[in-house]
Novice: 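This is the structure I have questions about; it appears just below.
Worth knowing before you read on, the calculation uses all heavy atoms, side chains too, and leaves out hydrogens, waters and symmetry mates. Predicted, not measured: the structure shown is a model, and the values here were computed from it.
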Amino acid sequence: MVRPRPDLQQDPDSSVDRVRPVGRWGVLPATLVSLALALVVCGRSLGPGVYLYRDFVTVPELARGRGLLGGDGEPPRAVPLDAVMAALSPLLGTGVQQQVMLVATLFLAGTGVAVLLRWRGTAAMVAGAAVATWNPFVAERLALGQPPTLLAYSMTPWLVVAVRSRLSTSRALGLVLGCALPAALTPWGALVAAFVTIGASLATSWRRRLTWMGGVTMLSVLWSLPWLVPALANSTGGADPDGARAFALRADSPLGLVGSALTLGGSWAAATVPGSRTSVVGVAASMLLVAASLVGLVALTRRSGRSAGLLAGAAWLVPVAVAVVLAGPALELFSSLQQVPGVAIGRDTHRWLGLSAVASAVLVGVAVGELAWRTRSRPGRTLRRSASRMPGVVGAVVVLSAAVLAVPDLPSVVSRGYRPVTLPSDWAPMVRAAEGAAGGGQVLVLPFQAFRRTPWVGDQPFLDPTPRALGVPVVVSRQLVVARGQQRWTVDDDVVTSAELGLGATPGGPDPVQLRRRGITTVVEWLDSPGARWRKTDGLVTVFDGPHFRVWAVTRGGVRNPRRIARKAEPAGNLCATPPSLEATEHEVLATRRARSRVVCRSHHPAQRRHRWWCRHSGGLRRDQCERPEGQHGHRRRQEGHRAARGPAQLRRLVSPVRSRSGRRSS
């Protein structure tokens with residue numbers, strides 16, 4: 001007979017078997033149910049390629065730069081997730097990592113709740129695993145493109161299991177750290193992991209409580225350092241107050257704001273809400289699960305004590321109450337608090353319901369376990385063993401059906417958005433050209449929008465993945481327009497605005513002077529994404545021109561010396577490999593000739609120091625074309641004797657291969 005746990009109080013009438021865990025293979029049915037439901041949801045979304053869907057984006061080759069660890073000055077929203085994916089990319093492709101994350105979030109949530117309910121019987125584990133894997137919260141977070149956020153949700157039951165384990169304190173803290181690391185891949189997940197572990201420590205025995213609180217607090221700071229350090233180092237102040245209004249909880253069902261939150265819905269984006277949230281069947285199934293959670297809360301309080309029921313009820317109802325209050329009476333106060341650094345991380349109040357979703361799944365499992373325990377065969381009864389198990393089996397099947405009927409369109413929601421795509425053939429050349437032309441400056445991405453929408457991805461918008469591919473600082477827009485009924489909120493957290501970049505100063509193109517002031521040396525344009533179209537202006541030279549992307553370098557009149565572009569820019573190593581059109585402006589022709597002159601000079605013998613000096617200071621121009629005063633170039637014979645382009649064949653020589661005196665083609 002197994003001795004009951006000291007922190008699990010029981011009634012005098014309860015049997016010791018009430019707290020006896022299942023056998024070694026007792027968790028297998030719930031594990032298989034979780035895996036089956038996860039594959040049903042995500043099965044049609046698996047395949048070769050990468051996901052480009054809303055916030056869930058990556059590129060085949062992640063750049064190894066300061067941005068992976070939040071050192072580029074941007075808010076560390078994907079720290080250290082991108083760094084971990086880049087470290088694993090030699091062993092596992094980024095697209096495969098995305099698909100593993102998508103399936104693992106659902107599978108880990110179901111199995112974690114099953115392990116947490118292992119003292120309640122097989123029927124309880126199956127019911128809890130089904131509700132944790134398939135519910136409106138999971139559906140709406142996946143529709144928003146946030147599987148990384150669901151990592152915190154899926155690891156919540158595992159953290160509770162680690163805190164309540166019978167291991168020694170040191171080993172249990174190590175287990176807590178291992179369970180918290182997947183959640184801590186995002187800043188929000190790190191905070192959720194800290195909150196859950198500290199809250200679960202309150203349920204331990206009073207002798208271990210102080211030790212646990214201190215150890216868990218230290219571990220919480222440890223796994224938060226990867227994003228906390230860059231957030232403090234690059235703090236730019238508060239966020240846009242309209243963000244609290246735009247991302248507040250909203251009613252997405254006929255049950256109103258409170259009913260939508262109790263049924264684990266209420267996403268701020270109306271386009272991501274499943275259609276079943278307004279159907280009669282979906283509402284009825286959701287209310288059935290709410291009633292089962294209430295029954296489970298009463299049963300848990302009676303069987304395990306008032307403290308256990310109080311903690312479970314707080315985990316279920318407190319996030320709902322806080323989200324409703326912040327979306328209603330306290331909305332204006334919460335909006336004003338957005339100017340305080342760090343508060344904006346919780347402005348998407350629908351994410352707070354993840355803890356309620358886990359608590360609801362556990363309480364539903366407790367209700368089914370209570371039903372199975374009350375109807376089981378005992379000494380003095382004549383029921384067969386198979387007949388005594390039938391109520392528990394029926395309860396698990398009813399709960400599984402209600403979970404699926406609450407959001408029956410969850411697989412279609414995932415399959416529509418999560419479609420693996422292959423990036424265009426000119427993506428890699430564009431990345432190489434942009435990095436080569438950038439030098440030590442920054443890269444501006446146009447159109448100046450946060451999200452893209454291209455024909456080769458589909459109708460779904462996706463976050464611009466360019467910063468993840470370039471190893472240099474990238475300037476992108478972070479402005480988001482959210483429509484809530486008749487109102488439209490513009491959430492603008494940009495450090496630099498489009499007006500400061502000079503995007504509207506000149507008709508049809510960016511202003512190189514403004515770009516120079518901001519340290520921008522390269523401009524990348526998405527040609528097939530909706531937005532303003534830009535044309536070439538003085539001070540911009542086309543480095544790469546493909547069917548989907550175009551790269552411009554800011555040259556004379558901008559911030560960079562064009563002769564460095566000749567050494568680094570793709571596709572052939574210098575500007576001569578990308579012939580300018582005959583309609584090119586005179587400024588571009590002169591800038592291209594200067595770049596060619598530096599390449600010719602590097603092909604000459606190093607002993608010709610005078611010739612190299614002349615090319616470095618005059619750019620290889622004739623005296624009448626040079627912009628510098630004549631006194632800065634030395635002897636006139638060196639000017640006239642230089643091998644520069646002359647006569648009407650200037651444009652023809654610009655597009656021809658460059659050869660040195662030895663006859664070798666220059667690189």
Novice: With a 3.5 Å distance limit and no angle check, can you tell me whether Ser89 reaches the backbone of Ala86 through a side-chain donor-acceptor pair?
Specialist: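 Yes.
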Novice: With distance as the sole test, does Gln449 use its side chain to make a donor-acceptor pair with the main-chain N or O of Pro530 at under 3.5 Å?
Specialist: yes
Novice: Please check if atom CZ in Arg171 has more than 12 non-hydrogen atoms from other residues, nucleotides or ligands closer than 6.0 Å.
Specialist: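 No, not enclosed.
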Novice: Compare all side-chain heavy atoms of Thr111 with those of Phe107 and state whether any distance is below 4.5 angstrom.
Specialist: yes
Novice: Going through the checks in order, is the side-chain contact (heavy atoms from CB on, under 4.5 Å) test met by Asn135 and Val407?
Specialist: CA-CA 7 Å; Asn135 57 66; Val407 199; 5.8 Å; no
Novice: For Phe462 and Phe451, I'd like to know if the aromatic rings sit close, meaning centre-to-centre distance below 6.0 Å.
Specialist: no
Novice: Side chains of Ile345 and Leu191: closer than 4.5 Å at any heavy-atom pair?
Specialist: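 Yes. Closest side-chain heavy atoms under 4.5 Å.
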Novice: With side-chain contact (heavy atoms from CB on, under 4.5 Å) as the criterion, how do Leu470 and Val431 come out once you've worked through the C-alpha distance, each side chain's angles and the decisive distance to 0.1 Å?
Specialist: CA-CA 6 Å; Leu470 298 178; Val431 171; 3.8 Å; yes
Novice: For the atom pair CD (Glu140) and CG (Leu410), what is the distance rounded to the nearest 0.5 Å?
Specialist: 10.5 Å
Novice: With no hydrogens and no angle check, is any side-chain donor or acceptor of Gln487 less than 3.5 Å from a backbone partner on Ala483?
Specialist: no
Novice: For Ser253, run the side chain to side chain donor-acceptor pair (under 3.5 Å) check against Ser276, Ser260, Ser286 and tell me which one passes.
Specialist: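 Answer after filtering Ser276, Ser260, Ser286: Ser260.
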Novice: Side-chain contact, heavy-atom cut-off 4.5 Å: Leu446 with Val523?
Specialist: yes
Novice: So, for Pro226 and Pro80, which heavy atoms are closest and what is the spacing to 0.1 Å?
Specialist: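 For Pro226 and Pro80, the tightest heavy-atom pair comes out as CB-CG, 3.9 Å.
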Novice: Is a side-chain N or O of Gln97 found less than 3.5 angstrom from the main chain of Leu92, in a donor-acceptor match?
Specialist: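 Side chain of Gln97 to backbone of Leu92, a donor-acceptor pair under 3.5 Å: yes, one is there.
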Novice: To check you understand the geometry: which heavy-atom pair defines the closest contact between Pro467 and Asp464, and what is its length?
Specialist: CD-O, 3.4 Å
Novice: How many angstroms lie between atom OH of Tyr53 and atom CG of Leu144, to the nearest 0.5 angstrom?
Specialist: 7.5 Å
Novice: After noting the C-alpha distance and the side-chain angles of Val50 and Val59, does the key distance pass the side-chain contact (heavy atoms from CB on, under 4.5 Å) rule?
Specialist: CA-CA 7 Å; Val50 297; Val59 292; over 6 Å; no
Novice: Between Asp240 and Arg347, is there a side-chain N and carboxylate O pair less than 4.0 Å apart?
Specialist: no
Novice: State, yes or no, whether a side-chain contact exists between Thr94 and Glu61 at a heavy-atom distance under 4.5 Å.
Specialist: no
Novice: Working to the nearest 0.5 angstrom, can you tell me the gap between Leu294 CG and Leu363 CG?
Specialist: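 The CG atom of Leu294 sits 9.0 Å away from the CG atom of Leu363.
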Novice: Look up atom CG in Leu326 and atom CG in Leu333, then write down how far apart they are to the nearest 0.5 Å.
Specialist: 8.5 Å
Novice: Between Arg478 and Asp492 (salt bridge meaning N to carboxylate O under 4.0 Å), is one present in this structure?
Specialist: no
Novice: Check the surroundings of atom CD in Gln460: do more than 12 heavy atoms from other residues, nucleotides or ligands lie under 6.0 Å from it?
Specialist: yes
Novice: Using the ring of each side chain (for Trp, its six-membered ring), is Tyr51 parallel, tilted or perpendicular to Tyr418, with breaks at 30° and 60°?
Specialist: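 If you compare the ring of Tyr51 with that of Tyr418, the planes turn out perpendicular.
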Novice: Between Ser356 and Trp352, is there a donor-acceptor pair closer than 3.5 Å when you use the side chain of the first and the backbone of the second?
Specialist: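 No: the side chain of Ser356 does not pair with the backbone of Trp352.
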Novice: A side-chain contact here means heavy atoms from C-beta on lying under 4.5 Å apart; do Leu106 and Val41 qualify?
Specialist: yes
Novice: Determine whether Leu355 and Val196 satisfy the following criterion, side-chain contact (heavy atoms from CB on, under 4.5 Å), listing intermediate values before the conclusion.
Specialist: CA-CA 8 Å; Leu355 184 59; Val196 169; 4.1 Å; yes
Novice: I want to know whether Phe247 and His350 have ring centres closer than 6.0 Å.
Specialist: no
Novice: Which atom pair, heavy atoms only, marks the closest approach of Ala312 to Ala359?
Specialist: O-CB, 4.2 Å
Novice: For Gly309 versus Leu297, what's the shortest heavy-atom pair and its separation?
Specialist: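 Shortest heavy-atom contact: O-CD1, 3.3 Å.
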Novice: Can you see which heavy atom on Trp427 is nearest to which on Ala469, and at what distance?
Specialist: CZ2-CB, 3.5 Å
Novice: Kindly confirm or rule out a cation-pi arrangement of Arg351 over Trp188, judged by NZ or CZ under 6.0 Å from the six-membered ring centre and within 45° of its axis?
Specialist: yes
Novice: When rounded to the nearest 0.5 angstrom, what distance separates CD in Glu525 from CZ in Phe549?
Specialist: 11.0 Å
Novice: State, yes or no, whether a side-chain contact exists between Met155 and Val358 at a heavy-atom distance under 4.5 Å.
Specialist: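 No, every pair of side-chain atoms sits at 4.5 Å or beyond.
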Novice: When you measure from the side chain of Trp158 to the backbone N and O of Leu108, does any donor-acceptor pair fall under 3.5 Å?
Specialist: yes
Novice: Give the minimum heavy-atom separation between Thr58 and Arg468, together with the two atoms involved.
Specialist: CA-CD, 4.2 Å
Novice: Any non-hydrogen side-chain atom of Leu262 less than 4.5 Å from a side-chain atom of Leu255?
Specialist: no
Novice: Is the side chain of Thr521 donor-acceptor paired with the backbone N or O of Ala438 at a distance under 3.5 Å, no angle test?
Specialist: yes
Novice: Side chains of Arg452 and Thr466: donor-acceptor distance under 3.5 Å anywhere?
Specialist: no
Novice: So do the side chains of Val475 and Val443 get within less than 4.5 Å of each other, counting heavy atoms only?
Specialist: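 SC-SC contact between Val475 and Val443 ruled out.
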Novice: Decide whether Thr263 and Arg277 meet the rule of one side-chain donor and one side-chain acceptor closer than 3.5 Å.
Specialist: yes
Novice: Donor-acceptor check, side chain of Trp223 to backbone of Ala190, threshold 3.5 angstrom: yes or no?
Specialist: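 Side chain of Trp223 to backbone of Ala190, a donor-acceptor pair under 3.5 Å: yes, one is there.
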Novice: Among Asp348, Thr105, Thr272, Thr149, find the residue that satisfies the side chain to side chain donor-acceptor pair (under 3.5 Å) test when tested with Arg141.
Specialist: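 Filter result, single survivor: Asp348.
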Novice: What is the distance from atom CG of Leu300 to atom CZ of Arg306, rounded to the nearest 0.5 Å?
Specialist: 13.5 Å
Novice: Return yes if some donor-acceptor pair links the side-chain N/O of Trp268 with the main-chain N/O of Thr349 below 3.5 Å, else return no.
Specialist: no
Novice: Can you see whether Thr211 engages Thr169 through a side-chain donor-acceptor pair at a distance of less than 3.5 angstrom?
Specialist: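 No, no side-chain donor-acceptor contact under 3.5 Å.
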Novice: Is a side-chain N or O of Gln442 found less than 3.5 angstrom from the main chain of Val474, in a donor-acceptor match?
Specialist: no
